[in-house]
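Before we start, here is the structure in question, set down as structure tokens.
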Amino acid sequence: FPGLPYEPKNQTGSHSVMSLNRVSVFYLFATALASAAVVGSLTAQFWFQLDPCPLCIGQRILYMVAATVLLAGLVNGGVAKMVAGGIGMLCGITAAGIGLYQGWIASEEALGQCGAPGPYESTLWWLAENISYPVFAPEASCADAAGHTFLGLSMPFWSLLSGLVLSLALLLFFINLGNSAKLTSS
């Protein structure tokens, strides 16, 4: 692939078997994680019949954006890879924040203290009523969706964890990118 950073050729003049360097490993991991989050959310909805709430849909959209731009950055490399990494990191942080917010809302609803949905939730419900595309249609309340578990952990926690790991992987990508640039300029 053009733009992927490769290790220098070995003494025989050929690339080593492990041609991707450490910088690219973090980027590839982040791309795979964002893609896995999308596949996981669709599997939960369509295979296990776990209806998503408006916040779940928002997280799904963020992971779709992250996976798409990270894949585009992976193919294009260079500056596009760094911009895509930044966008992916923002998507991961935002998805983690939504997961945290969703867990808080679920606890508020469980206590009977949750009021009317906010503008974000109202917008997604309006879109669901006017666009008949099930991938983006919320079907459950946040408390219902937060009650769904996988391996003993709630769905908001999984999204929080995925967003944090995605952001951490991209942070490590940028740190290693900076370190490799320092090494090559010396």
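Here the structure is a predicted model, which means the values were calculated and not measured. Residue numbers count from 1 along this sequence. Below, each value reflects all heavy atoms present in this structure, side chains not excepted, and no hydrogens, waters or symmetry copies.
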Atom pair OH/OG1 of Y63 and T94 - distance to nearest 0.5 Å: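 Rounded to the nearest 0.5 Å, the OH-OG1 separation comes out at 10.0 Å.
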Nearest non-hydrogen partners of K81 and G73, listed with the distance: CB-O, 3.5 Å
Hydrophobic cluster identity match, L164 and L90, side-chain contacts under 4.5 Å: no
Measuring from atom CD1 of I57 to atom CG of L62, what distance do you get when rounded to the nearest 0.5 angstrom?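 The CD1 atom of I57 sits 11.5 Å away from the CG atom of L62.
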Does V165 share a hydrophobic cluster with V39, counting links as ILVMFWY side-chain heavy atoms below 4.5 Å and allowing steps through other members? no
Kindly list each side-chain donor-acceptor pair under 3.5 angstrom involving residues 167-175, sequence neighbours excluded, with atom names and distances?
| residue | atom | partner | partner atom | Å |
| --- | --- | --- | --- | --- |
| S167 | OG | M89 | O | 3.4 |
| S167 | OG | I93 | N | 3.1 |
| S167 | OG | G163 | O | 2.9 |

Applying side chain to side chain donor-acceptor pair (under 3.5 Å), name anything that partners S162, two or more places apart in sequence or on another chain. none
Is there side-chain contact between L166 and L70, with heavy atoms separated by less than 4.5 Å? yes
First locate atom CZ of F46, then atom CG of D51, and finally report the distance between them rounded to the nearest 0.5 Å. 9.5 Å
Can you list the residues that meet the side chain to side chain donor-acceptor pair (under 3.5 Å) rule with S159, with sequence neighbours excluded?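 Side chain to side chain donor-acceptor pair (under 3.5 Å) list for S159, sorted by chain: Q59.
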Mind checking the CG-CZ spacing from L42 to F48? Nearest 0.5 Å is all I need.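 Between L42 CG and F48 CZ, I get 13.0 Å after rounding to 0.5 Å.
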